[in-house]
Number of protein chains: 2
Amino acid sequence: MPSEIAEIEPSLSGLEIEAIDLFISFMKLVGLPKSVGEIYGLLFVTETPLNSDQITDQLRISAGATSQGLKILRSFRAVRAVYMPGDRRDHFVADLDLSTFATAFLNDELKPRLESAAERIHRMEILIDAMPSQKKAAAFKRVERLKHWVDRGRKIMPWIQKFLVS
Amino acid sequence: MPSEIAEIEPSLSGLEIEAIDLFISFMKLVGLPKSVGEIYGLLFVTETPLNSDQITDQLRISAGATSQGLKILRSFRAVRAVYMPGDRRDHFVADLDLSTFATAFLNDELKPRLESAAERIHRMEILIDAMPSQKKAAAFKRVERLKHWVDRGRKIMPWIQKFLVS
DNA sequence: TATTTCCTTCAATAAAAAATGAAGGAAATG
DNA sequence: CATTTCCTTCATTTTTTATTGAAGGAAATA
């Protein structure tokens with residue numbers, strides 16, 4: 001609800017509010033906290049690099065939340081620090097190329113899960129081997145199904161990346 | 001060990017535990033509660049249709065959680081009720097074709113977000129039009145970037161579906 | 001070397017989300 | 001038509017997750 005933010009932080013422009021809202025929604029989709037969406041949204045529409053105090057003040061969140069949020073965003077390469085002559089504070093800009101973010105997300109979140117699923121399926125196959133042969137066939141069929149989908153997930157990943165980068 | 005008593009003490013097999021764990025992890029990725037992963041995982045490896053009491057007992061969750069979980073899973077077409085002659089209780093089986101689930105997820109979660117993002121971008125463009133022309137160009141550039149990514153998201157959706165279904 | 005500034009970390013608190021369990025509705029059963 | 005069974009809903013409780021704010025470390029500055 002944009003009006004809620006508008007009431008709390010009158011110094012944010014309508015444009016900033018729309019962008020922040022958009023990214024809050026997007027970050028929630030990928031399971032990241034609201035504050036991360038706020039920070040990325042603000043940086044996305046702000047031309048000049050911002051330091052953590054400016055982010056903290058504009059969004060009215062704590063310094064700790066800003067620090068944590070920037071850490072997460074840097075880990076996804078969604079944000080980077082730029083050098084500002086004559087100012088020792090870190091200043092941050094958003095990487096406008098969202099494919100960087102998407103790639104990092106796929107590698108950090110989806111890929112490890114698919115790997116561990118593959119390991120788990122392997123363990124399942126061993127368990128099935130030890131089952132009475134009557135039940136074996138049905139169990140095997142289902143696990144093969146699962147294996148098929150995990151394989152498919154692994155195959156589609158680089159494909160999505162290629163599509164996004166192009 | 002008399003078989004009547006064996007039924008009273010429900011315990012999950014190693015295979016079931018692996019499957020349930022796998023789906024808990026997967027459901028968390030897509031932002032669904034643990035219980036939904038538990039239920040789907042159990043149904044995925046169980047050949048015979050299960051009623052909600054059986055699910056509740058085996059997973060040791062409440063009847064309410066089972067009901068809610070099945071509701072969610074049905075809404076995604078991940079699970080369906082099957083008729084069991086001589087038993088008025090609903091019995092459920094998992095749809096083994098995970099592409100059904102993926103399609104429902106894309107349509108229910110991703111698509112609406114992309115639509116609302118598109119609306120929001122439209123509002124942003126109107127706001128930019130009202131800006132002093134000095135700032136206009138830079139703001140416009142960034143919003144165009146955003147628009148580009150939303151468009152790309154919209155384009156990739158049916159493509160992912162096609163890949164999953166094939 | 002002392003002081004200030006900037007940033008991070010983390011224990012405590014607040015907020016959000018999920019699970020429980022009791023209540024109640026609807027349909028089947030006696 | 002009363003009772004039982006099955007299922008759902010929802011207020012409450014529990015659990016999980018995010019945010020705060022104070023403490024402390026590191027580097028720059030005086």
Side-chain angles (χ1 to χ4, degrees), chain A residues 1 4-5 8-9 20-21 23-43 49-76 79-93 109, chain B residues 20-21 23-43 49-76 79-93 108-109:
Chain A
M1 212 182 289
E4 224 177 301
I5 294 169
I8 295 162
E9 178 43 69
I20 289 165
D21 250 21
F23 282 107
I24 287 173
S25 157
F26 174 72
M27 294 296 174
K28 271 212 178 133
L29 178 71
V30 299
L32 291 174
K34 190 183 162 189
S35 62
V36 173
E38 292 178 288
I39 296 167
Y40 188 74
L42 178 61
L43 291 175
L50 299 179
N51 64 48
S52 76
D53 265 5
Q54 292 172 314
I55 295 167
T56 299
D57 291 348
Q58 291 228 63
L59 297 174
R60 308 261 148 134
I61 61 179
S62 69
T66 301
S67 177
Q68 297 264 87
L70 286 170
K71 189 181 173 183
I72 291 168
L73 288 166
R74 267 176 306 189
S75 81
F76 280 116
V79 144
R80 68 174 197 282
V82 296
Y83 171 64
M84 300 290 276
D87 193 334
R88 76 187 179 92
R89 280 179 285 188
D90 284 339
H91 285 68
F92 298 92
V93 293
E109 299 296 318
Chain B
I20 288 165
D21 252 22
F23 281 108
I24 287 173
S25 157
F26 175 72
M27 293 296 174
K28 271 212 178 134
L29 179 70
V30 298
L32 291 173
K34 188 183 162 188
S35 63
V36 172
E38 291 179 288
I39 296 167
Y40 187 75
L42 178 61
L43 291 174
L50 298 180
N51 64 47
S52 75
D53 265 6
Q54 293 172 312
I55 295 167
T56 298
D57 291 347
Q58 292 229 64
L59 297 176
R60 309 214 174 216
I61 60 178
S62 69
T66 300
S67 177
Q68 297 267 90
L70 286 170
K71 189 181 174 184
I72 290 168
L73 287 166
R74 267 175 307 189
S75 81
F76 281 117
V79 144
R80 66 174 200 282
V82 296
Y83 170 67
M84 299 289 276
D87 194 334
R88 75 188 179 93
R89 280 178 286 188
D90 283 339
H91 286 68
F92 299 93
V93 293
D108 297 359
E109 300 295 319

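A, B, ... follow the sequence lines: proteins, then strands. Residue 1 opens every chain. Keep in mind it's a predicted model, so treat the numbers as computed, not measured.
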Worksheet item: Given atom CG of B:Leu73 and atom P of D:dC7, what is their separation to the nearest angstrom?
Response: 16 Å
Discussion item. It should be established whether B:Lys34 places a side-chain nitrogen or oxygen under 4.0 Å from OP1 or OP2 of nucleotide D:dT16.
Written reply: no
Discussion item. At less than 4.0 Å, is any side-chain N or O atom of B:Ser52 found next to OP1 or OP2 of D:dC7? Yes or no.
Written reply: yes
Worksheet item: So do B:Met84 and B:Pro49 actually touch side chain to side chain, heavy atoms under 4.5 Å?
Response: yes
Discussion item. Rounded to whole Å, how long is the line connecting atom CD of B:Glu38 with atom P of C:dA19?
Written reply: 7 Å
Worksheet item: Can you tell me how far P of D:dT17 sits from CE of A:Met27, to the nearest Å?
Response: 19 Å
Worksheet item: Stepwise, does the side-chain contact (heavy atoms from CB on, under 4.5 Å) test hold for A:Leu50 with A:His91?
Response: CA-CA 5 Å; A:Leu50 299 179; A:His91 285 68; 5.9 Å; no
Discussion item. Main chain of A:Gly64, side chain of A:Ser67: is a donor-acceptor contact present, judged purely on distance under 3.5 Å?
Written reply: no
Worksheet entry | Residues within residues 80-91 of chain B bordering DNA chain C, heavy-atom distance below 4.0 Å | B:Arg88
Worksheet entry | Separation of atom CZ in B:Arg60 from atom P in C:dT20, rounded to whole Å | 12 Å
Worksheet item: More 5' along DNA chain C: A:Ser67 or B:Gln68, using each one's nearest nucleotide?
Response: A:Ser67
Worksheet item: Does a nitrogen or oxygen in the side chain of B:Arg74 sit under 4.0 Å from OP1 or OP2 of D:dT8?
Response: yes
Discussion item. The side chain of A:Pro33 is closest to which nucleotide in this list: D:dT8, C:dA19, D:dT19?
Written reply: D:dT19
Discussion item. Does C:dA18 have OP1 or OP2 under 4.0 Å away from a side-chain N or O of B:Ser35?
Written reply: no
Worksheet item: Does B:Asn51 offer a backbone N or O that forms a donor-acceptor pair with the side chain of B:Gln54 under 3.5 Å?
Response: yes
Practice prompt. Round to a whole Å and report the spacing from CD1 of B:Ile72 to C1' of C:dA19.
Written response: 12 Å
Response to the item:
Against the side chain of B:Lys71, the closest entry in D:dT17, D:dT9, D:dT8 is D:dT9
Worksheet item: Going from NZ on A:Lys28 to CD1 on A:Ile24, what distance comes out if it is rounded to the nearest 0.5 angstrom?
Response: 7.5 Å
Worksheet item: Any side-chain heavy-atom pair from B:Asp90 and B:Val82 closer than 4.5 angstrom?
Response: no
Practice prompt. May I have the distance from A:Leu50 (atom CG) to C:dC7 (atom P), rounded to whole angstrom?
Written response: 12 Å
Discussion item. My understanding is that only residues two or more places apart in sequence, or in another chain, count here; which of them pass side-chain hydrogen bond (donor to acceptor under 3.5 Å, both in side chains) with B:Thr56?
Written reply: B:Thr66
Worksheet item: How close or far is atom P of D:dT17 from atom CG of B:Leu32, stated in whole angstroms?
Response: 14 Å
Worksheet item: A:Ile61 CD1 to D:dA18 C1': how many Å, rounded?
Response: 11 Å
Fill in: Residue mapping more 5' on DNA chain D - nearest nucleotide basis, B:Ala65 or A:Gly31
B:Ala65
